[in-house]
Trainee: 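Here it is, the structure, as structure tokens.
Atoms considered below: every heavy atom in the structure, side chains included; atoms not considered: hydrogens, waters and symmetry mates. Just so we're on the same page: letters track the sequence lines, and every chain starts at 1.
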Amino acid sequence: MSYQAPRGTQDILPKDIYQWQTLEDMIRQFCYIYDYKEIRTPIFEHTNVFKRGNDASDMVNKEMYTFQLENSSTSLTLRPEMTAGVVRSFVEHKMYGEPDLPAKLYYVGEMCRHERPQKGRQRIFHQFGVEVIGVKNPLLDVETIALGWSFVSALGLKDMKVLINTLGDDESRDRYREALRQHFQNDIDSMCADCRRRYEQNPLRILDCKVDHDLAIMKSAPRMKDYLNEESKVYFEQVLQGLDALGIPYEIDDRLVRGLDYYTHTVFEVISINQEMGAQATVFAGGRYDGLVEYFGGPQLSGIGWAMGLERLLIACEGEGITIGERETLDVYVLNLSAETALYAFTATTMLRAAGYKTDCDYQNRSFKAQFKSVERKGAKVVLIIGETEMENGQVSMKRLRDQRQEVVALDALIDTMDDMFAEHEDDHHHLEEKRSI
RNA sequence: GCGGAUGUGGUGAAGUGGUUAACACAGCGGGUUGUGGUCCCGUCAUUCGAGGGUUCGAUCCCCUUCGUCCGCCCCA
């Protein structure tokens with residue numbers, strides 16, 4: 001093999017595409033009901049859209065596909081996430097000036113991160129996500145979570161868990177970060193290398209260290225909730241009350257801090273506890289961001305959003321034995337018996353297609369047997385058999401697979417006969433209506 | 001970025017330093033010159049991820065490289 005797709009990327013082949021199409025259809029239906037509008041932003045942005053001065057996350061600092069064209073001084077980056085691009089767009093198009101805020105947006109698209117691939121982690125992967133920007137109301141935190149939760153529930157996923165926490169506002173978080181630094185100050189040198197790094201970059205992440213998890217110093221570490229100011233505390237309580245009211249189960253996890261630097265207040269992570277998930281169990285996750293709109297030059301408006309890894313969602317579905325979408329079938333297969341009748345058969349095929357019947361035929365002059373196997377593989381409901389006799393008489397032989405009924409009809413009467421035949425059976429009829437309505 | 005496993009036809013897989021690379025499924029052809037799903041027969045990898053090296057000779061030994069899988073890290 002001389003050419004292969006780059007590491008961590010994959011082709012989604014026709015045999016699997018129905019899953020993706022079904023998933024995307026469902027996503028659009030859900031967002032339609034919640035009155036969220038789709039937004040499509042560029043697949044690359046100016047690097048500084050993602051790389052913002054204070055950002056210490058690995059995603060931004062180590063995993064971005066950043067490039068610069070030879071005769072240009074502009075640095076561009078393939079998007080590793082959508083939130084930054086969406087907020088940039090929100091500000092650039094002054095959506096904050098539109099009536100009926102908040103802007104309720106959703107997207108589906110591929111993201112690029114230069115990570116080491118493993119189960120549930122690829123270099124190009126698909127995310128479905130929502131962003132609600134312009135109004136700060138705990139009910140919107142609840143609404144976004146509810147949208148995602150009802151979506152995964154509608155798919156039939158049961159092994160799901162909502163973990164939630166609050167980081168408070170900037171003031172609360174700064175005070176907490178300082179408290180953590182002081183707490184670990186004397187012991188940090190004896191802790192693991194990762195923790196020493198986190199101590200500098202993001203002390204909050206020390207708390208979910210797996211290596212040093214059992215140290216006494218961990219257990220005695222200060223808790224976020226003790227550093228929340230009144231406003232932050234009330235906000236979080238209102239979010240939880242909303243979730244209670246909707247009957248969405250959750251666990252408060254005060255070690256949940258999230259990796260992206262822009263989060264404030266609510267942060268959450270919805271994980272699958274299914275065995276098949278491997279090490280990457282987070283299906284969708286997100287939080288509120290108070291400072292981003294302003295960062296991009298807009299007014300001081302808050303937003304909330306989450307992103308869902310669609311490959312991970314499919315793994316979770318597979319783990320729970322959920323199949324998405326149905327096998328495609330064919331209305332008619334046109335079986336041609338000789339090279340001499342090929343054009344006649346092709347004409348019949350074209351007539352059926354023009355009438356809205358999903359039709360395919362043979363292009364290889366294969367044997368009767370081989371063609372009939374195609375009929376089965378493709379799940380055709382009706383097979384048209386065309387040989388020299390039919391052609392000479394301007395007819396076709398039409399066989400309905402359901403009851404093996406076969407008749408010879410004039411080519412001119414083919415479509416009428418098909419319509420009658422399909423109308424007899426309710427499922428077939430339904431199928432026909434669907435086709436006709438296109 | 002670190003660690004471990006792995007790579008033979010469309011698929012699932014045997015295999016050995018020595019000339020024709022098992023077997024099964026799928027495909028295709030035929031038995032049944034025009035009615036399938038069963039059965040029978042035939043056919044189907046100058047080639048063992050790629051590139052180099054050792055050797056009289058390498059799919060099997062060595063090196064490099066690429067991909068895949070799993071874990072760490074990180075994240076969706």
Trainee: Report the residue from A:Met398, A:Lys399, A:Gln406, A:Glu376 that forms a side chain to side chain contact (heavy atoms under 4.5 Å, CB included) with A:Val383.
Mentor: A:Lys399
Trainee: Please determine whether a side-chain nitrogen of the Lys or Arg among A:Glu81 and A:Arg113 lies less than 4.0 Å from a carboxylate oxygen of the Asp or Glu.
Mentor: no
Trainee: Using whole Å, report how far CG of A:Leu337 lies from C1' of B:G34.
Mentor: 5 Å
Trainee: From the list B:G29, B:G36, B:G71, which nucleotide is the closest neighbour of the side chain of A:Ser367?
Mentor: B:G29
Trainee: Name the orientation class of the two ring planes belonging to A:His265 and A:Tyr235 (parallel below 30°, tilted from 30 to 60°, perpendicular beyond 60°).
Mentor: tilted
Trainee: Output the single nucleotide from B:C74, B:C70, B:G34 whose closest atom is nearest the side chain of A:Arg121.
Mentor: B:C74
Trainee: Among the candidates B:G36, B:C72, B:C74, find the nucleotide nearest to the side-chain atoms of A:Ala279.
Mentor: B:C72
Trainee: Measure distances between side-chain N and O atoms of A:Gln404 and base N and O atoms of B:U35, and say whether any donor-acceptor pair falls under 3.5 Å.
Mentor: no
Trainee: Determine the contact category for A:Gly8: base if any of its heavy atoms lies under 4.0 Å from a base atom, sugar-phosphate if only primed atoms, P, OP1 or OP2 are that close, otherwise nothing.
Mentor: sugar-phosphate
Trainee: Whether A:Arg116 contacts B:C70 is assessed here as follows: a side-chain N or O lying under 4.0 Å from the phosphate OP1 or OP2. Is that the case?
Mentor: no
Trainee: Checking all strands, does A:Phe128 fall into the base, sugar-phosphate, or nothing category for heavy-atom contacts under 4.0 angstrom?
Mentor: nothing
Trainee: Choose from B:G29, B:G27, B:A76 the nucleotide whose nearest atom is closest to any side-chain atom of A:Arg377.
Mentor: B:G27
Trainee: A:Phe372: what forms a ring pair (Phe, Tyr, Trp, His ring centres under 6.0 Å) with it, not counting sequence neighbours?
Mentor: A:Phe368
Trainee: Tell me what A:Glu110 touches on the nucleic acid: a base, only sugar-phosphate, or nothing, going by heavy atoms under 4.0 Å.
Mentor: nothing
Trainee: From the options B:U35, B:A76, B:G34, select the nucleotide whose nearest atom is closest to the side chain of A:Thr389.
Mentor: B:G34
Trainee: Among side-chain atoms of A:Ser172 and A:Asp169, is any donor-acceptor pair under 3.5 angstrom?
Mentor: yes
Trainee: Salt bridge check, A:Asp254 against A:Arg223: does any charged N sit closer than 4.0 Å to a carboxylate O?
Mentor: yes
Trainee: Tell me which of A:Val283 and A:Glu376 sits closer to the 5' end of RNA chain B, going by the nucleotide each one is nearest to.
Mentor: A:Glu376
Trainee: Given B:C75, is OP1 or OP2 found less than 4.0 Å from the side-chain N or O atoms of A:Thr282?
Mentor: no
Trainee: Over all strands shown, is A:Lys62 touching base, sugar-phosphate only, or nothing at heavy-atom distances under 4.0 angstrom?
Mentor: nothing
Trainee: Looking for any heavy atom pair under 4.0 Å, which part of the strands does A:Gln364 touch: base, sugar-phosphate only, or nothing?
Mentor: nothing
Trainee: Using a strict cut-off of less than 4.0 Å between a Lys/Arg side-chain nitrogen and an Asp/Glu carboxylate oxygen, indicate whether A:Arg28 and A:Glu38 qualify as a salt bridge.
Mentor: yes
Trainee: Regarding B:C75, can its base be found pairing with the side chain of A:Arg312 as donor and acceptor, where the two atoms are less than 3.5 Å apart?
Mentor: yes
Trainee: When you get a sec, tell me which of B:C28, B:C66, B:U35 is the closest nucleotide to the side chain of A:Gln4?
Mentor: B:C66
Trainee: Checking A:Lys37 against A:Tyr32: charged group under 6.0 Å from the ring centre and within 45 degrees of the axis?
Mentor: no
Trainee: Flag the pair A:Glu276 and A:Lys119 as a salt bridge only when some basic side-chain nitrogen lies within less than 4.0 angstrom of an acidic carboxylate oxygen.
Mentor: yes
Trainee: Can a side chain N or O of A:Gln127 be found less than 4.0 Å away from OP1 or OP2 on B:A76?
Mentor: no
Trainee: Please confirm whether any donor atom in the side chain of A:Gln280 sits under 3.5 Å from an acceptor in the base of B:C74, or the reverse.
Mentor: yes
Trainee: Contact class for A:Glu63 vs. all strands (heavy atom < 4.0 Å): base, sugar-phosphate, or nothing?
Mentor: sugar-phosphate
Trainee: Which whole-number value in Å describes the distance from A:Asp362 CG to B:G27 P?
Mentor: 14 Å
Trainee: Using a 4.0 Å cut-off on protein heavy atoms (strictly under), produce a 5'-to-3' string for nucleotides 40-45 of chain B with B for base contact, S for backbone-only sugar-phosphate contact, and - for none.
Mentor: ------
Trainee: So among A:Val132, A:Val270, A:Leu147, which one has a side chain to side chain contact (heavy atoms under 4.5 Å, CB included) with A:Trp306?
Mentor: A:Leu147
Trainee: Between A:Asp35 and A:Lys104, is there a side-chain N and carboxylate O pair less than 4.0 Å apart?
Mentor: no
Trainee: Just the rounded figure in Å: distance from P of B:C74 to CE of A:Met277.
Mentor: 18 Å
Trainee: Go through the N and O atoms of the side chain of A:Ser338 and the base of B:G34, and report whether any donor-acceptor pair is under 3.5 Å.
Mentor: no
Trainee: Heavy-atom nearest nucleotide on RNA chain B for A:Gln371 versus A:Ile386: which residue maps closer to 5'?
Mentor: A:Gln371
Trainee: Give a yes/no on whether any side-chain N or O of A:Arg113 is located under 4.0 angstrom from OP1 or OP2 of B:C74.
Mentor: no
Trainee: Distance check needed: B:C75 C1' versus A:Leu310 CG, whole Å only.
Mentor: 15 Å
Trainee: Any donor-acceptor pair under 3.5 Å joining the side chain of A:Glu115 to the base of B:G1?
Mentor: no
Trainee: Looking at A:Arg88 and A:Glu45, is there a salt bridge between them, counting it only when a charged N and a carboxylate O are closer than 4.0 Å?
Mentor: yes
Trainee: Would you sketch RNA chain B in dot-bracket for me? Only Watson-Crick or G-U wobble pairs with both distances under 3.5 Å count, crossing pairs as [ ], other-strand pairs as |, the rest as dots.
Mentor: ((((((((.[[[..)..(....]]].(((((.......))))).....[[[[[..)....]]]]])))))))....
Trainee: Quick one: which of B:C70, B:A76, B:G34 gets closest to the side chain of A:Ala307?
Mentor: B:A76
Trainee: Select base, sugar-phosphate, or nothing to describe what A:Gly120 touches, counting heavy atoms under 4.0 Å on all strands.
Mentor: base
